[in-house]
2 protein chains.
Amino acid sequence: MQKQEHLTKNQQIVLDLVEKSSEPLKAYSILFNVQKKGLKAPLQVYRALDKLVEIGKIHKVESRNAFVACKNSSCQVSKATAFSICESCEKVTEINNSKLSKYLNNFQDNSGMKYSKYNLEFFGLCKKCKNK
Amino acid sequence: MQKQEHLTKNQQIVLDLVEKSSEPLKAYSILFNVQKKGLKAPLQVYRALDKLVEIGKIHKVESRNAFVACKNSSCQVSKATAFSICESCEKVTEINNSKLSKYLNNFQDNSGMKYSKYNLEFFGLCKKCKNK
DNA sequence: AATTTTTTGTTATAATATAACATTATGTAA
DNA sequence: TTACATAATGTTATATTATAACAAAAAATT
Ligand SMILES: [Zn+2]
Ligand SMILES: [Zn+2]
Ligand SMILES: [Zn+2]
Ligand SMILES: [Zn+2]
């Protein structure tokens, strides 16, 4: 079986929802929203999410346990992600900065470890919240 | 009340355990291990963890929902953390690299956001696991 | 000593995620 | 085109992680 190149029904339903959303979605909020489409159990959602993360269509924002659609040609299949997170309004934006990704993809320390993947989350106040 | 400079009993008990550990500890594993010392409920552990994270004595490894003691003079009170994580043996090491922290502390993009904090997690195979 | 703030103790419950197993669908190859 | 292997689904139950709400005790501030 060759590498999956099309999404299954459940995966497509979950992806559509996450892509439409202007904010990160939590798994159980996704579940609630796709129940009318027939996904009735948490596992159906988590399985779709797992696959979508694996193929880089979405990312998990770890500090928030929430999911966002990739805005960045699938981020080398989810191997290199960076986000900015506003600690006041919780707005999350995927950072697309080639200098940053280059720096991090090439990062090495003296541990002898070869890093194949990273996730970076920046926190602060967004423009709007800063001016309040 | 001035900023807390000593740890309370519960905080100290939890910190001692996390510092003794050679691997990241999960909250409920901590709970199990401190029950003989009188911390019987999850909240007692979570409260201690929250405070210890806040003052930079420990960090949360977000992708693992686990906690490690800071090895790095309390990481500017937990505002700038980086970890390397082996995806095979789950070994987690706090990265202490001044170039990296300088780069990330000074990072700016065009969003107008001022970042006051970051967390970075690198994934790969450690030396040991690579040679298997 | 009175006041405020922080920490604690406690019970209950919310939120997040996976185990286990049976079934169906899909891709691969003889 | 049938057998085989792999991947996806459906379902129930349960494990894991984390917080709400409230009362009481301890510590710092005035
Ligand atoms: Zn992306
Ligand atoms: Zn904001
Ligand atoms: Zn640290
Ligand atoms: Zn390893």
Side-chain angles (χ1 to χ4, degrees), chain A residues 1-18 21 23-55 57-68 77 87 90 92 119 121, chain B residues 1-18 21 23-55 57-68 77 87 90 92 119 121:
Chain A
M1 188 183 269
Q2 71 183 107
K3 191 167 177 182
Q4 185 190 359
E5 57 202 31
H6 75 282
L7 299 177
T8 66
K9 179 168 138 284
N10 287 359
Q11 291 160 11
Q12 190 64 58
I13 288 170
V14 170
L15 179 58
D16 286 347
L17 185 69
V18 176
S21 174
E23 55 183 18
L25 292 180
K26 306 208 145 211
Y28 275 72
S29 146
I30 292 170
L31 175 58
F32 179 82
N33 278 284
V34 297
Q35 282 184 330
K36 57 182 92 79
K37 307 229 171 182
L39 285 83
K40 288 181 290 190
L43 254 195
Q44 298 176 291
V45 169
Y46 278 106
R47 283 170 179 158
L49 288 171
D50 284 351
K51 177 59 76 172
L52 291 168
V53 166
E54 186 191 323
I55 64 180
K57 292 287 188 184
I58 65 173
H59 304 307
K60 183 172 186 182
V61 183
E62 290 287 356
S63 67
R64 299 300 186 260
N65 295 320
F67 299 85
V68 294
V77 191
E87 290 187 295
E90 293 294 323
V92 172
N119 178 58
E121 298 181 6
Chain B
M1 188 184 269
Q2 72 183 105
K3 191 168 178 183
Q4 184 189 0
E5 59 201 29
H6 75 283
L7 299 178
T8 66
K9 180 169 138 284
N10 288 359
Q11 291 160 11
Q12 190 65 57
I13 289 169
V14 170
L15 178 59
D16 286 347
L17 185 70
V18 176
S21 174
E23 54 183 18
L25 292 180
K26 305 208 147 211
Y28 276 72
S29 146
I30 293 171
L31 175 58
F32 178 81
N33 279 285
V34 297
Q35 280 182 331
K36 57 182 91 80
K37 307 229 170 181
L39 284 83
K40 288 180 290 188
L43 252 195
Q44 296 175 291
V45 169
Y46 277 106
R47 281 170 180 158
L49 288 172
D50 284 351
K51 177 60 74 170
L52 291 168
V53 166
E54 185 191 322
I55 64 181
K57 291 286 188 184
I58 66 174
H59 304 306
K60 182 173 187 182
V61 184
E62 290 287 355
S63 67
R64 299 301 187 257
N65 294 321
F67 299 85
V68 294
V77 191
E87 290 186 296
E90 293 293 324
V92 172
N119 178 57
E121 298 181 6

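Just so we're clear, the structure is a prediction, and the values are computed from it rather than from any experiment. Proteins come first, then strands; the chains are lettered A, B, ... in the order of their sequence lines, and each starts at number 1.
- For the helix from C:dA1-D:dT30 to C:dA30-D:dT1, the terminal axes (five pairs an end, C1' atoms, rotation from four pairs onto the next four) enclose an angle of 40°, given to 10 degrees.
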Could you go through the side chain to side chain contact (heavy atoms under 4.5 Å, CB included) check for B:L25 and B:L17 one step at a time?
CA-CA 9 Å; B:L25 292 180; B:L17 185 70; 3.9 Å; yes
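- When rounded to the nearest whole Å, the span between NE2 of B:H6 and C1' of C:dT6 equals 10 Å.
- When only modelled atom types and interatomic distance are considered, A:E121 and A:N119 share a side-chain donor-acceptor pair under 3.5 Å.
- A distance of 10.0 Å separates CG of A:L15 from CG of A:L49, quoted to the nearest 0.5 Å.
- Put simply, B:K40 has no side-chain N or O that comes within less than 4.0 Å of OP1 or OP2 on C:dG9.
- The nearest whole Å value for the distance from the CG atom in A:N10 to the C1' atom in C:dT26 is 15 Å.
- The distance from atom CD1 of B:I13 to atom C1' of C:dT8 is 12 Å, rounded to the nearest whole Å.
- Here the straight-line distance linking atom CG of A:D16 with atom CD of A:Q12 works out to 4.5 Å at 0.5 Å rounding.
- Taking atom CG on A:L7 and atom C1' on D:dT9, their separation rounds to 16 Å, with Å as the unit.
- Atom CG of B:D50 is separated from atom CD1 of B:I55 by 11.5 Å, given to the nearest 0.5 angstrom.
- With hydrogens and angles ignored, the 3.5 Å screen pairs no side-chain donor or acceptor of A:K26 with any backbone N or O of A:F67.
- Taking CG of B:L31 as the reference point, atom CG of B:L43 lies at 10.5 Å (rounded to 0.5 Å).
- One atom, CD1 of B:I30, and another, P of D:dT16, lie 15 Å apart when rounded to the nearest Å.
- Listed pair B:T8 / C:dT8 meets the phosphate criterion, a side-chain N or O lying under 4.0 Å from OP1 or OP2.
- Residues meeting the side-chain contact (heavy atoms from CB on, under 4.5 Å) test with B:E23, sequence neighbours left out: B:S21.
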Set out, in order, the CA-CA distance, both residues' side-chain angles and the distance that settles side chain to side chain contact (heavy atoms under 4.5 Å, CB included) for A:L39 and A:I13, then state yes or no.
CA-CA 9 Å; A:L39 285 83; A:I13 288 170; 3.7 Å; yes
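- An OP1 or OP2 oxygen of D:dT9 is reached within less than 4.0 angstrom by no side-chain nitrogen or oxygen of A:Q44.
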Base contacts versus sugar-phosphate-only contacts with protein, heavy atoms under 4.0 Å: please encode nucleotides 17-23 of chain D as B, S and - from 5' to 3'.
BBBBBB-
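- Residue A:L39 contributes atom CG, which lies 10 Å from atom P of D:dT11 at whole-angstrom precision.
- Nucleotide D:dA26 holds its P atom 16 Å from the CD atom of B:Q11, rounded to whole Å.
- Distance, A:Q35 CD to D:dG10 C1': 14 Å, rounded to whole Å.
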